[in-house]
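Naming: A, B, ... by sequence-line order, numbering from 1 per chain. Note that the structure is predicted; figures quoted are calculated from it, not measured.
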Amino acid sequence: SQELEQSPQSLIVQEGKNLTINCTSSKTLYGLYWYKQKYGEGLIFLMMLQKGGEEKSHEKITAKLDEKKQQSSLHITASQPSHAGIYLCGADHRGSRLTFGEGTQLTVNP
Amino acid sequence: DTEVTQTPKHLVMGMTNKKSLKCEQHMGHRAMYWYKQKAKKPPELMFVYSYEKLSINESVPSRFSPECPNSSLLNLHLHALQPEDSALYLCASSQRLAGGMNTQYFGPGTRLTVL
């Protein structure tokens with residue numbers, strides 16, 4: 001969706017490296033969601049951010065919301081092969097539906 | 001528990017067949033969703049039910065017919081599908097449709113192949 005730009009499209013990292021995925025909205029954000037998907041499977045909810053400056057962490061994954069820039073970043077510290085998959089951001093633009101970014105394909109090489 | 005279940009996991013059907021996809025959740029959620037996902041693309045919203053009533057239909061062809069028989073169940077009836085309808089069909093649910101309680105939890109999906 002052009003309303004939500006996600007970058008990079010794909011990312012290949014060596015195990016143990018840190019990485020960041022970005023998601024930028026062209027519209028006002030009322031909520032920003034991060035999901036992870038393995039190919040051919042359902043989406044796994046990671047985190048939801050609502051307030052500017054909000055930061056949440058789960059294990060080695062941290063997400064932040066920059067309200068001014070209408071942008072969120074997902075940071076993985078010391079990546080592991082289990083982090084591999086497709087990361088999708090979803091935006092709540094107050095339309096009773098989520099708009100998804102195109103996704104970031106993450107590969108972690110052992 | 002944030003589990004949404006979907007059956008079947010895989011489905012192969014001919015263009016003249018009638019089949020149904022089933023989705024179930026027992027989290028007390030009152031909003032349920034159907035999405036279609038093609039390979040290497042994000043999910044596309046098809047239908048949304050809120051309190052068992054159809055709230056959003058994203059101009060989906062009539063060969064797809066949703067049904068919400070009760071607050072825990074969501075069906076998608078399929079008839080006279082085309083090969084381009086082959087995709088991963090995802091069901092999701094959330095507490096409510098909006099108002100800050102709309103984190104969506106997804107099922108594992110049904111992989112549909114139309115021959």
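- Taking a 6.0 Å sphere around CG of B:L73, one finds it holds more than 12 heavy atoms contributed by other residues, nucleotides or ligands.
- Residues of residues 15-24 of chain A never come closer than 4.5 Å to chain B when only heavy atoms are counted.
- B:P42 and A:G101 make their closest contact through CB-O, 3.3 Å (heavy atoms, listed as atom of the first residue, atom of the second, distance).
- Between A:L88 atom CG and B:Q37 atom CD the span is 7.0 Å, to the nearest 0.5 Å.
- A single hydrophobic cluster is seen to contain both A:W34 and A:I76, as judged by linkage of ILVMFWY side chains at heavy-atom distances under 4.5 Å, directly or through other members.
- Heavy-atom neighbours of A:K64 NZ from other residues, nucleotides or ligands within 6.0 Å: at or below the threshold of 12.
- A salt bridge links A:R97 and B:E58; the closest N-O separation between the charged side-chain nitrogens and carboxylate oxygens is under 4.0 Å.
- Between A:Y33 and B:N102, some side-chain heavy-atom pair lies under the 4.5 Å cut-off.
- Residues of residues 35-47 of chain A lying under 4.5 angstrom from chain B, judged on non-hydrogen atoms, are A:Y35, A:Q37, A:Y39, A:G40, A:E41, A:G42, A:L43, A:F45 by number.
- B:F47 and B:L90 fall into different hydrophobic clusters, where Ile, Leu, Val, Met, Phe, Trp and Tyr are joined by side-chain heavy atoms under 4.5 Å apart, directly or via other members.
- Residues that satisfy the side chain to side chain contact (heavy atoms under 4.5 Å, CB included) test with A:K69, not counting sequence neighbours, are A:D66, A:Q71.
- Other residues, nucleotides and ligands contribute at most 12 non-hydrogen atoms within 6.0 Å of the CD atom of A:Q9.
- Hydrophobic cluster membership differs between B:L88 and B:V60, with clusters built from Ile, Leu, Val, Met, Phe, Trp and Tyr side chains linked at under 4.5 angstrom.
- Under a cut-off of 6.0 angstrom, the local environment of NZ in B:K40 is sparse, with at most 12 non-hydrogen atoms contributed by other residues, nucleotides or ligands.
- Each of B:L54 and B:Y51 belongs to its own hydrophobic cluster when Ile, Leu, Val, Met, Phe, Trp and Tyr are linked at side-chain heavy-atom distances under 4.5 angstrom.
- No continuous path of ILVMFWY side-chain contacts below 4.5 Å connects B:V4 to B:M46, so the two sit in separate hydrophobic clusters.
- Residues passing the ring pair (Phe, Tyr, Trp, His ring centres under 6.0 Å) test with B:Y89 are B:F64, sequence neighbours excluded.
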